Amino acid sequence: TLPWRPLGALQSMGGRPELARARALLAKVSPGGPAGEERLLLEVELALASGDSTRLSALLAKSAKVLGGRGAWLKVRAAVAGGSKTRKAAKRALDSLLKSEPRHLWGRLLAARWALAERRGELEAKPLFEELLREAKTREELSPWARAWALWGLARIAARGRDHRSAASLARRAIALVPRFAEAQAALGAALLARGRRKEAAAALTVATKLDPKDADSLYALGRALRRGAGARRAYAAFLRLERRTLRARRVRRRLRRMR
């Protein structure tokens with residue numbers, strides 16, 4: 001099988017170097033046998049990451065024949081990639097997947113992430129993330145990405161409870177597993193900023209915005225961490241290209257005027 005598991009990873013890795021690495025690995029795997037199934041999964045992830053909808057449709061049709069019921073996760077991933085327009089379809093696909101495979105690793109992680117996105121969703125999400133971390137001690141196949149996502153989720157929950165020290169510690173553990181994890185770098189930066197450690201926060205948020213240049217929250221936080229100077233202006237300018245008509249955007253415009 002592949003030395004680098006594709007499931008769920010490419011969506012968060014970001015950037016062309018990872019895509020190039022994935023394609024290089026893909027070229028080494030033969031289409032047949034168990035490794036061929038892993039190859040198919042990676043091809044789907046590449047199509048999702050690159051936005052190739054035509055290729056994705058063809059691969060999903062192929063996965064239904066090759067993987068059978070195990071292709072259910074790919075349907076979930078494809079629906080998730082459609083954003084808000086296919087959110088209901090993604091939810092139905094995920095419910096169907098977890099009904100047939102209650103222990104599906106990535107399905108459970110996605111369910112926990114969606115629960116966390118809801119108002120007061122941490123009550124439902126926290127035990128799911130904690131369960132996945134406990135499994136990591138006995139399941140070798142639980143990839144670093146899965147453990148990193150679980151730690152990220154617990155960091156977010158700690159931050160909501162204003163326990164920023166724990167949030168920073170959990171985010172660091174996630175980064176130790178997957179250094180190029182944009183969401184974990186952002187969580188670390190936000191926790192450090194909340195504790196007044198602006199220089200360290202700016203370092204983490206700079207990494208987060210390089211990994212994910214379209215994360216408006218991280219750009220806004222980076223501007224706050226830097227406070228003034230060319231770096232803060234660049235962060236705020238990038239933020240305004242993504243978010244223009246919100247209360248935060250009005251605040252940023254006022255700050256930029258004061259910097260002149």
Side-chain angles (χ1 to χ4, degrees), residues 1-26 28 38 41-42 45-46 48-50 77 105-106 109-110 112-113 116 125 129-130 132-137 139-159 163-195 197-226 231 234-235 238:
T1 59
L2 291 175
W4 175 66
R5 295 192 63 79
L7 293 181
L10 278 173
Q11 282 284 316
S12 298
M13 289 181 106
R16 295 190 181 279
E18 286 74 19
L19 290 177
R21 182 185 179 199
R23 291 191 176 100
L25 283 169
L26 187 63
K28 299 177 182 178
E38 190 97 351
L41 292 170
L42 182 50
E45 292 294 332
L46 281 167
L48 284 165
S50 59
R77 294 282 289 112
L105 171 62
W106 291 100
L109 262 176
L110 182 58
R113 288 170 56 193
L116 187 58
F129 286 128
E130 289 176 337
L132 286 162
L133 278 183
R134 285 195 297 271
E135 285 186 24
K137 296 178 181 179
R139 289 181 57 187
E140 292 182 1
E141 75 274 19
L142 194 64
S143 78
W145 268 104
R147 283 178 283 154
W149 270 118
L151 288 163
W152 166 86
L154 293 172
R156 288 284 305 275
I157 291 167
D163 185 357
H164 299 296
R165 184 184 298 274
S166 293
S169 175
L170 288 160
R172 284 194 175 99
R173 287 172 61 190
I175 292 166
L177 288 166
V178 184
R180 294 180 63 80
F181 187 1
E183 288 87 344
Q185 294 282 0
L188 174 59
L192 292 169
L193 184 58
R195 297 182 63 198
R197 295 165 63 173
R198 292 180 179 275
K199 186 174 181 180
E200 294 171 83
L205 290 163
T206 296
V207 175
T209 55
K210 287 181 178 178
L211 291 170
D212 186 0
K214 294 184 179 181
D215 181 358
D217 291 338
S218 291
L219 289 165
Y220 179 73
L222 178 58
R224 289 179 56 215
L226 294 171
R234 282 194 298 270

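From a predicted model like this one, the values you see are computed outputs, not experimental measurements. Each residue takes its place number in the sequence, starting with 1.
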How close do [X] and [Y] get, heavy atom to heavy atom, and via which atoms?
X      : Y      : result
Leu109 : Phe129 : CD2-CE2, 4.0 Å
Ala201 : Gly189 : CB-O, 3.4 Å
Gly231 : Leu226 : C-CD1, 3.5 Å
Ala186 : Ser218 : CB-OG, 3.2 Å

Supply the atom-to-atom distance [X] [atom1] to [Y] [atom2], rounded to the nearest 0.5 angstrom.
X      : Y      : atom1 : atom2 : value
Lys210 : Leu222 : NZ    : CG    : 10.0 Å
Leu219 : Thr206 : CG    : OG1   : 10.0 Å
Tyr220 : Leu205 : OH    : CG    : 12.5 Å
Arg173 : Leu133 : CZ    : CG    : 6.5 Å
Asp163 : Ile157 : CG    : CD1   : 12.0 Å
Asp212 : Glu183 : CG    : CD    : 6.5 Å

Verify, without hydrogens or angle tests, whether Gln185 (side chain) and Ala171 (backbone) share a donor-acceptor contact under 3.5 angstrom.
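Such a contact is absent between Gln185 side chain and Ala171 backbone.
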Has Arg165 got more than 12 heavy atoms of other residues, nucleotides or ligands less than 6.0 Å from its CZ?
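Incorrect, the count does not exceed 12.
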More than 12 non-hydrogen atoms from neighbouring residues, nucleotides or ligands closer than 6.0 Å to CZ on Arg197, yes or no?
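Above 12, so yes.
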Does a side-chain heavy-atom distance below 4.5 Å link Leu132 with Trp149?
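No. Closest side-chain heavy atoms not under 4.5 Å.
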Taking the side chain as everything from C-beta on, heavy atoms only, tell me whether Leu170 gets closer than 4.5 Å to Trp152.
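Result no, sub-4.5 Å side-chain heavy-atom pair not found.
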With Leu193 as reference, evaluate Arg198, His164, Glu200 under the side-chain contact (heavy atoms from CB on, under 4.5 Å) test and give the passing residue.
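The side-chain contact (heavy atoms from CB on, under 4.5 Å) with Leu193 is passed solely by Arg198 among Arg198, His164, Glu200.
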Check step by step if side-chain contact (heavy atoms from CB on, under 4.5 Å) holds for Val207 and Leu188.
CA-CA 11 Å; Val207 175; Leu188 174 59; over 6 Å; no
